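Worksheet for the structure shown next.
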Amino acid sequence: MSDQIKNIFIPHIHEDDEGLVKLKELAANHGMQLRDSSITSDKPNNAKDEDYIKQEILNPQIEWAGTVVVYVSPDTWKSEWVNWEIERANELEKRIVGIWQYGEEDCKIPEALEEYGDAMVGWNGESIIDAITGESDDWYKQNGETKDYRPIKRHGC
């Protein structure tokens, strides 16, 4: 595979920042550089006003990304911010891909990902790249089993 560069935004909880580094390393080892515009501990958002954060900080970052890659760990589903970011990506008609955190066993995923996601893959470099590029719309449990459903992507409000 030739080297590719993809602009992404990663909805996640900040406790998982280290996992984002590993995700980008895994993709790079499989020939894809991920340029990430998400907010992390390294580039924090110090604003307090929720509307300002959504419209002036997060929205431009999501608009810039070609694909939204949701990093799914056991507590991701609880985050109102993650769900909002996924919903906004859907409104912008972005490709939305879920990736299981390394070692997780089919934990609960955010409702918005269930509703609007295009693919859900495990910790496998080739599967991740295929999902990001749109080569695959498969939905997998972390252990590699195919889920018995495939959500229907609904764009817009």
Side-chain angles (χ1 to χ4, degrees), residues 3-28 30 32-102 104 107-123 125 127-140 149-157:
D3 285 324
Q4 299 179 59
I5 298 173
K6 293 290 181 184
N7 297 337
I8 64 168
F9 179 86
I10 307 175
H12 68 288
I13 57 176
H14 285 292
E15 294 81 4
D16 293 333
D17 282 354
E18 186 177 320
L20 305 189
V21 173
K22 293 176 182 176
L23 170 63
K24 291 182 254 186
E25 288 172 355
L26 179 62
H30 285 83
M32 180 178 281
Q33 178 187 351
L34 299 177
R35 294 191 301 195
D36 175 20
S37 66
S38 59
I39 306 300
T40 64
S41 307
D42 294 339
K43 20 179 204 174
N45 157 30
N46 295 318
K48 302 291 184 223
D49 180 81
E50 184 174 318
D51 288 335
Y52 177 84
I53 294 167
K54 287 179 177 178
Q55 297 311 314
E56 302 299 323
I57 298 174
L58 295 174
N59 193 54
Q61 306 295 60
I62 296 168
E63 286 178 344
W64 171 84
T67 303
V68 170
V69 177
V70 184
Y71 188 85
V72 180
S73 66
D75 291 327
T76 307
W77 70 275
K78 297 177 190 176
S79 172
E80 291 179 25
W81 287 102
V82 167
N83 275 293
W84 182 86
E85 291 163 348
I86 296 166
E87 289 166 0
R88 184 63 187 133
N90 179 65
E91 291 168 1
L92 294 169
E93 299 187 2
K94 300 292 181 175
R95 180 163 180 78
I96 302 169
V97 174
I99 298 176
W100 296 110
Q101 176 184 36
Y102 179 78
E104 283 308 316
C107 54
K108 189 171 181 178
I109 67 174
E111 286 182 24
L113 180 57
E114 285 272 359
E115 188 167 351
Y116 303 119
D118 291 296
M120 182 78 200
V121 297
W123 197 260
S127 295
I128 291 168
I129 289 171
D130 286 348
I132 290 171
T133 62
E135 294 290 318
S136 171
D137 289 333
D138 291 333
W139 276 71
Y140 290 101
Y149 67 91
R150 297 201 197 281
I152 298 172
K153 175 110 175 186
R154 295 173 197 80
H155 286 292
C157 301

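All residue numbers in this chain count up from 1 along the given sequence. Not measured: the values here are computed from a predicted model.
Between atom CD of residue Gln4 and atom CD1 of residue Ile129 there is a gap of 6.5 Å, rounded to the nearest 0.5 Å. For the atom pair Asn90 CG and Glu87 CD, the distance stands at 8.5 Å (nearest 0.5 Å). With values rounded to the nearest 0.5 angstrom, Leu113 atom CG is found 5.0 Å from Ile86 atom CD1. Distance check: Trp100 CH2 to Ile128 CD1 gives 13.0 Å after rounding to the nearest 0.5 Å. For the atom pair Glu114 CD and Met120 CE, the distance stands at 9.0 Å (nearest 0.5 Å).
Here the options are Glu85, Glu91, Arg88, Lys54, the test is side chain to side chain donor-acceptor pair (under 3.5 Å), and the partner is Asn59; only Arg88 passes.
Of all heavy-atom pairs between Leu58 and Trp84, the closest is CB-CZ3, 3.8 Å. Across all non-hydrogen atoms, the minimal contact from Ile57 to Pro60 is O-CD, 3.5 Å. Across all non-hydrogen atoms, the minimal contact from Tyr102 to Tyr71 is N-OH, 4.3 Å. Minimum interatomic distance between Trp81 and Glu50 (heavy atoms only, all atoms of both residues): CH2-CG, 3.6 Å. In terms of heavy-atom proximity, Ala27 sits nearest to Leu34 at CB-CD1, 3.6 Å.
Using a 4.5 Å heavy-atom threshold, the side chains of Ile99 and Val72 count as separate. Taking 4.5 Å as the limit, some side-chain heavy atom of Leu23 sits within range of a side-chain heavy atom of Val69. Looking only at side-chain heavy atoms (C-beta outward), Thr76 and Ile109 stay at 4.5 Å or farther from each other. Considering only heavy atoms from C-beta on, Val70 stays 4.5 Å or farther from Val97 through its side chain. Taking the side chain as every heavy atom from C-beta outward, Gln33 and Lys6 never approach each other to under 4.5 Å.
Judged by distance alone, the side chain of Lys94 and the main-chain N or O of Glu63 form a donor-acceptor pair under 3.5 Å. Side-chain N or O atoms of Asp130 include none that pairs as donor or acceptor with a backbone N or O of Glu135 at under 3.5 Å. In this structure, Gln61 contributes its side chain and Ser37 its backbone to a donor-acceptor pair below 3.5 Å.
Ion pair Arg95/Asp137 flagged as a salt bridge, since at least one NZ, NE, NH1 or NH2 atom sits closer than 4.0 Å to an Asp/Glu carboxylate oxygen. Classification of Lys22 and Glu25 as a salt-bridged pair fails, no side-chain N sitting under 4.0 Å from a carboxylate O.
Annotation: Glu111, atom CD; neighbour count of heavy atoms from other residues, nucleotides and ligands within 6.0 Å does not exceed 12.
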Going through the distances and angles, do Lys78 and Asp75 end up as a salt bridge (Lys or Arg N to Asp or Glu O under 4.0 Å)?
-> CA-CA 6 Å; Lys78 297 177 190 176; Asp75 291 327; 3.2 Å; yes

Which side-chain N or O atoms in residues 7-16 pair as donor and acceptor under 3.5 Å with protein atoms at least two apart or in another chain?
{"unit_1": "Asn7", "atom_1": "OD1", "unit_2": "Arg35", "atom_2": "NE", "d": "2.8"}
{"unit_1": "Asn7", "atom_1": "OD1", "unit_2": "Arg35", "atom_2": "NH2", "d": "2.8"}
{"unit_1": "His12", "atom_1": "ND1", "unit_2": "Ile10", "atom_2": "O", "d": "2.8"}
{"unit_1": "His12", "atom_1": "NE2", "unit_2": "Asp17", "atom_2": "OD1", "d": "2.7"}
{"unit_1": "Asp16", "atom_1": "OD2", "unit_2": "Ser73", "atom_2": "OG", "d": "2.4"}

